[in-house]
Amino acid sequence: MRLTLHARGPQPADEVWERYAVPARWPEWAPYILGVDTAADRIRPGVTGQVRGPLGVTVSFAVTEVDECARTWAWDVALGASASPLNRVRLSLDHGVRPSGAGTRTWLTVHGPPAVVLPYLVPARLSLEMLVRRPARER
């Protein structure tokens, strides 16, 4: 199954892109991300790690594509600790950021099994809205 979500908001495209590009910032706009474990300070193809979620849920990820100029990126995530990769639940996610008027338009395309994609739509929509609407935290 493949579904695309869109969101528009007042935050500048450069700021929204930085929120995507720096894994340590993902919890700022995705309330279900409690932390990100990766050695990378910034996304680039080949970056791997884990995203920690509620109730001890952890997903492994690998960034597959990044185009800083176009402000697009893609990654694959896998849920499940099975020894066999065939038993893991996998999703591919494509993201993009574009200036839109005085703010930003962002999108997310999710590819994966309907039993995983459909329940993910609610938190994904919330996160996209927070990404383009919530002011940056003071660091």
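Contact annotation: the side chain of His95 never approaches that of Leu131 to less than 4.5 Å [non-hydrogen atoms, C-beta and beyond]. At least one side-chain heavy atom of Leu108 sits under 4.5 Å from a side-chain heavy atom of Val110. Between Val51 and Val77 there is no side-chain heavy-atom pair separated by less than 4.5 Å. Inter-residue side-chain proximity for Leu3 and Thr109 is flagged as unmet; no heavy-atom pair is nearer than 4.5 Å. Inter-residue side-chain proximity for Trp73 and Pro45 is flagged as unmet; no heavy-atom pair is nearer than 4.5 Å. Under the 4.5 Å side-chain criterion, counting only non-hydrogen atoms from C-beta, Met1 is in contact with Leu118. The side-chain heavy atoms of Pro10 and Arg133, taken from C-beta on, include a pair separated by under 4.5 Å. In this structure, Asp94 and His111 have side chains that are in contact, with non-hydrogen atoms separated by less than 4.5 Å.
Considering every non-hydrogen atom in both Val89 and Pro113, the closest pair reads CG1-CG, 4.5 Å. Val36 and Pro23 get closest at one heavy-atom pair: CG2-O, 3.4 Å. Across all their heavy atoms, Ala24 and Pro27 have their closest contact at O-CD, 3.4 Å. Among all heavy-atom pairs drawn from Ala62 and Thr48, the shortest one is CB-CG2, 4.0 Å.
Arg98 contributes a side-chain N or O that, together with a main-chain N or O of Ala70, makes up a donor-acceptor pair within less than 3.5 Å. Panel note: side chain Thr104, backbone Gln11; a donor-acceptor pair is recorded below 3.5 Å.
To the nearest 0.5 Å, the span separating OG on Ser127 from CZ on Arg19 amounts to 12.0 Å.
One hydrophobic cluster holds both Leu93 and Val59 under the rule that ILVMFWY side chains link at heavy-atom gaps under 4.5 Å. Cluster membership for Leu34 and Tyr32, using ILVMFWY side-chain heavy atoms within less than 4.5 angstrom, is not shared. Criterion: ILVMFWY side-chain heavy atoms under 4.5 Å apart, direct or through other members. Under it, Met130 and Val97 are part of a common hydrophobic cluster.
Residues Trp107 and His6 place their aromatic rings such that the two centres sit no closer than 6.0 Å.
With respect to the salt-bridge test (charged N to carboxylate O, under 4.0 angstrom), the residues Arg52 and Asp37 qualify. Taking the charged nitrogens against the carboxylate oxygens, Glu68 and Arg42 do have a contact shorter than 4.0 Å, which makes a salt bridge. We find that Glu18 and Arg71 are not joined by a salt bridge, their nearest charged nitrogen and carboxylate oxygen being 4.0 Å or further apart.
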Could you walk me through whether Phe61 and Trp26 pass the ring-ring contact (aromatic ring centres under 6.0 Å, His included) test, one step at a time?
CA-CA 13 Å; Phe61 72 85; Trp26 296 352; 5.5 Å; yes
Residues Arg8, Glu129; criterion salt bridge (Lys or Arg N to Asp or Glu O under 4.0 Å); working and verdict:
CA-CA 7 Å; Arg8 292 179 191 270; Glu129 293 292 335; over 6 Å; no
Would you please test Leu91 and Val117 for side-chain contact (heavy atoms from CB on, under 4.5 Å) and show each step?
CA-CA 8 Å; Leu91 293 175; Val117 171; 3.8 Å; yes
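Around the CG atom of Asp41, the shell of radius 6.0 Å holds no more than 12 heavy atoms that belong to other residues, nucleotides or ligands.
No side-chain N or O of Thr64 forms a donor-acceptor pair with one of Asp76 less than 3.5 Å apart.
Ring orientation note: the planes of Tyr20 and Trp17 are nearly perpendicular, at an angle over 60° on the 30°/60° scale.
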